[in-house]
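Please read all numbers here as calculations on a predicted model, not as lab measurements.
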Amino acid sequence: MFVKSMRKYFLLSAATALTMPVMTAEAVEDETLFDEIIVSSSRIKKSGFEAPTPVTVLGVEDMEARGTSNVADIINELPGFSGTRTPTSTSLNSRGSGTNAIDLRGLGGNRNLVLVNGRRHVPTDEFGNVDMNVIPTLAVKRIEVVTGGASAAWGSDAVSGVVNVIYDKTLEGLKVEAQYGISGQGDAENYRLSMAFGSAVAEGRGHILIAADYNDHKGIPLATARDWSLRHPGILPNAADTGPNDGIPANIIRNNVGLFLASPNGVTLPGGPLGNLEFLPDGTAIPRALGTIGGVMMAGGSGSFLSDSAALYIPVERKNVMAAFDYDITEDVNFYFEGSAGQSNSNGALVNSFSFGIPIKSGNSYLPASVQTIMTDTGTGSLALFRTNSEFGPISSVSQTVNYRFVAGLKGDLNDNWSWDAYYQYGRSDFSNRQINNLLPGNMALAADAVIDPITGNPVCAAALSGVDPNCVPINLFGVGSPSQDAIDYVTGTSISDTILKQQVAAASVSGDLFEGWAGPISTSFGLEYRKESLKREVDDLSERALFLITNAQPLEGDYNVKEVFGEVLVPLLNEETSGQSLNFNGALRYTDYSTSGTVATWKAGLTYDPISELRIRGTISRDIRAPSIGEVFLKTLLLFENVTNPFTGNTDFSRILNTGNTELKEESALTKTFGMVYSPDWLENFQASVDWYDIDITDSIQSVSSQSIIDACFSGKTEFCNLIKFAPDNTIQDITNKLLNLGTFQVRGIDFEARYLTVLDNDDTVGLKILGSYVYDKNVAADGVTEVNYAGEVGSASGFGLPKWKIRANVSYETGGFGLFSQLRYVGAGKYNIQWGPEELADAENNIAAEIYVDLSARYRFEQGSLEGVELFGGINNVFDNDPPVIPLDFIGPTATNAVHYDVVGRSFYFGVRAQF
């Protein structure tokens, strides 16, 4: 059974990803396999047609071999993807922690389009991202990844490609699966229980599919759970550096680097009569122990490791159900329905709160006597206290995403050559976020101003005596553990945001053969689509007034609609039967009218050429777009304050920063080019290889720039930036409007390669080999539209734009009878911590980060007879050799001492389970 399914999988993968099918004996017997193929890079459904855009396929066998409980996990293992937003890389994403999105080419999760059964999935946030946590896993038959621009075929957002999740609508019988996993260190426990049932109904005229998934991953609640994280690496200025071009790097990497600005006890900074003190819990003040200081960080000494309380892996609980129904109303008309509901819950610690420079006045009731004496003797009115609030508990993000999706449609045949499809889809995502233990700096300032109540003789807030806030609770900030729980409750709160996003889609399409051309029939697919999306976010009053320490989500409300007409054509230019060669042209055009950004046309042109039976050459060029999201257009102004350097006066101004969306945003535009070859030699049966070059060039990228960059650009004469600044009569900068603009550029260029081989040994055992790789040689980014940097090969977290140049996924499978073995190698190439730094900034030995190799193993045994027939036991080990990730310097409040986007932070882990089909 498994051998047959593996053969089907290799055949299917070949027919889509490599475009030349392998015809094994059993595959020939199962001709219906080809009828199930949907090539996501094209809307034309025609036997034998392969679109020129590369497609990679992941089958259910891939997911089973890896013990995958989430479709995002297996997709993110593909070399072209980056784990930009996963439970291990969103530890400091205050609102999106625990999200499991997919990011093709490292261009962002909202620049690849997610489809389910060929239809756009409803976004789960205001920026157009889709959290894959809400997609059920056991119902999935395969996943198709279009690695190239596809906006003309599928619409906005398909800039880097398309991911199409396809459900198994032909399932017959009941499938159940139970799985347990745990890391080698006893954490990261995870549980999964799934079922799927499919059956023909109404004497074969209909089919039903019902599936449900439950998955609970306990995560890794603390960053300190791994020894490599406890090294606390950081970057410091090099005291030995004498200046530029001296051969001595300006920076060094050291361990045990913490925050100089504060400690859990509370400190004062050096300088003045009260400088460099640390306050102990017993009420005494001692000279603070200092290490090597570099800016806000310090190696050694008494500081804070602010990120130690952050989660290394955000715990996530998922619940999903879905149902699908197909029914042949007549021989030529079919009714179909899909409905799904998913819920994802996450709860992860972000960071301890901090108070930098909170004033403590002379006469404060909690001041140590020795400090009060110095203040009295020197006439010092107050001191500035710097403290991290470890006893408050970390600020934690508690999120829930609930997603609903319903599709109803009709499809049918007009005649032997023409078919049609029309459907209506409704989707809704409810996202709620609670940030507990979020500090209220205003309340902290009031609570820290503690005096003695003249009546009771007890500490009391000055604000309570004056009537400013009768509910104020005085707080003792001297020494870790000193604040009372009542005081902690007063100075902390829970910030709240609730978002509802709705999507409605109505679409209709027709496809068939127009007429007979000189080399074959001219085929087409055309149609129209209407889509409306709306979003409303409500927040608590304190967040709206920006009174919390972090996040302060703002109200948001907006909607847009889009009307589209599209068409695609396939024109055979050479016929293999008459000329011995095959040449096909594939073109697509889509005309789109957005209510927000206006009208735009996208297009694609491609060729496939088979000069000989063993070789296919393919190439495309396309114009693709991403329209501005609701969040980017309608984001309400968020008021912040910032010190900025004013080049017009030479002064530093304390200015208001108005962060806002932009109703005048236009679509991002990309010119995408691909060129590749597929080789399927006659001399080696069941072997195929492909190599594809790609170039994605995005202009008018939606970005914001720093406040200082806006000022500097205005000073250099760029009047469009001056329009964002409000000056006082004396040229003091009062306001800076930092709104999103169409000003950035991105260009990613690289090569993808893939090879597969399947062979059946003389004893009927089966061996399968597969390798997928990606080499990125350019990722040119100019976020401000001016300064371009090539971030290809940057694997540190310095910029957030970096990508490893090399990523490879290779595996070997072996099947004998009911027993199967699977081994996989994951390779992340070497790179730089900071691609912009040379030896003068950081020594090569510290800037160069070595390659990482992870090995995964799994095995399974299927009972093929007796009472347990149809039952399969499986298990596996991920990261067999327990490779630690490369240790990468922390930033100010970085959650982990590595880059979790690219590297495994869990270490060796195990899973085992049972699956059965009846």
Side-chain angles (χ1 to χ4, degrees), residues 65-70 72-79 81-84 86-89 91 181-190 217 219-220 222-233 253 255 310-314 770-775 793-797 802-812 821-833 845-859 875-890 894-912:
R66 294 289 295 117
T68 300
S69 59
N70 191 312
D73 296 339
I74 192 71
I75 293 172
N76 281 326
E77 284 190 357
L78 293 177
F81 285 83
S82 296
T84 309
T86 69
T88 60
S89 62
S91 297
I182 191 170
S183 79
Q185 299 202 28
D187 51 21
E189 280 191 285
N190 58 92
H217 201 299
I220 304 176
L222 289 175
T224 54
R226 297 296 182 267
D227 291 342
W228 51 264
S229 184
L230 289 172
R231 288 173 55 181
H232 298 114
I253 296 178
N255 290 328
L312 188 63
Y313 190 122
I314 302 290
K770 182 169 64 173
I771 181 170
L772 296 94
S774 175
Y775 173 66
E794 181 176 274
V795 295
S797 52
L803 283 177
K805 286 189 174 182
W806 285 98
K807 289 184 73 176
I808 296 173
R809 176 181 184 256
N811 56 61
V812 179
L821 289 173
F822 179 88
S823 63
Q824 175 173 276
L825 180 147
R826 291 175 284 140
Y827 175 83
V828 181
K832 299 274 189 183
Y833 162 70
E846 294 184 324
N847 199 19
N848 293 337
I849 297 175
E852 286 291 329
I853 298 176
Y854 303 104
V855 175
D856 311 309
L857 298 175
S858 66
I877 308 173
N878 295 325
N879 193 354
V880 172
F881 299 106
D882 199 21
N883 283 12
D884 289 340
V887 176
I888 294 173
L890 293 161
T896 54
T898 190
N899 188 345
V901 171
H902 304 308
Y903 302 109
D904 180 357
V905 301
V906 176
R908 184 188 296 121
S909 62
F910 308 87
Y911 64 89
F912 57 89

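Closest of all the heavy-atom pairs between Pro79 and Leu772 is CG-O, 3.3 Å. Nearest heavy atoms, Gly184 versus Phe910: CA-CE1, 3.8 Å. The minimum heavy-atom distance linking Ser183 with Arg226 is given by the pair OG-NH2, 3.6 Å. Across every non-hydrogen atom of Ala188 and Val906, the tightest pair is CB-CG1, 4.2 Å. When all heavy atoms of Pro233 and Ala897 are compared, the pair lying nearest together is CD-CB, 3.5 Å. Ile849 and Pro886 get closest at one heavy-atom pair: CG2-CB, 3.5 Å.
In terms of the ring-ring contact (aromatic ring centres under 6.0 Å, His included) criterion, Tyr854 has no residue partners (sequence neighbours excluded). Not a single ring-ring contact (aromatic ring centres under 6.0 Å, His included) links Tyr911 to another residue, sequence neighbours left out. Asn70 is linked by a side chain to side chain contact (heavy atoms under 4.5 Å, CB included) to Ala72, Asp73, Asn100, Met132, Asn133, Arg318, counting only residues two or more places apart in sequence or in another chain. Shown here are the side chain to side chain donor-acceptor pair (under 3.5 Å) partners of Ser858, two or more places apart in sequence or in another chain: there are none. When the salt bridge (Lys or Arg N to Asp or Glu O under 4.0 Å) test is applied to Arg66, the partners found at least two apart in sequence or on another chain are Glu77, Asp856.
If you take CD1 on Ile853 and CD1 on Ile808, they are separated by 9.0 Å, rounding to the nearest 0.5 Å. Atom CG of Leu803 is separated from atom OG of Ser82 by 4.5 Å, given to the nearest 0.5 angstrom. Considering CG of Asn811 and CD1 of Ile771, their distance stands at 9.5 Å, rounded to 0.5 Å. Taken to the nearest 0.5 Å, the CZ atom of Arg809 stands 14.0 Å off from the OG atom of Ser774. Atom NZ of Lys807 and atom OH of Tyr775 lie 15.5 Å apart (nearest 0.5 Å). Remark: Trp228 CH2 to Ile888 CD1 distance equals 9.5 Å, nearest 0.5 Å.
Asn848 is listed as a side-chain neighbour of Lys832, based on a closest heavy-atom distance under 4.5 Å.
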>> Would Thr224 and Ser229 count as a side chain to side chain contact (heavy atoms under 4.5 Å, CB included) here? Give the steps.
In response: CA-CA 6 Å; Thr224 54; Ser229 184; 5.6 Å; no
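Heavy atoms of other residues, nucleotides or ligands lying less than 6.0 angstrom from CZ of Arg231 number 12 at most.
Applying the side chain to side chain donor-acceptor pair (under 3.5 Å) test to every pair with at least one member in residues 879-888, sequence neighbours left out, gives these pairs: Asn879-Asp904.
Ring geometry for Tyr313 versus His217: interplanar angle under 30°, hence parallel rather than tilted (30 to 60°).
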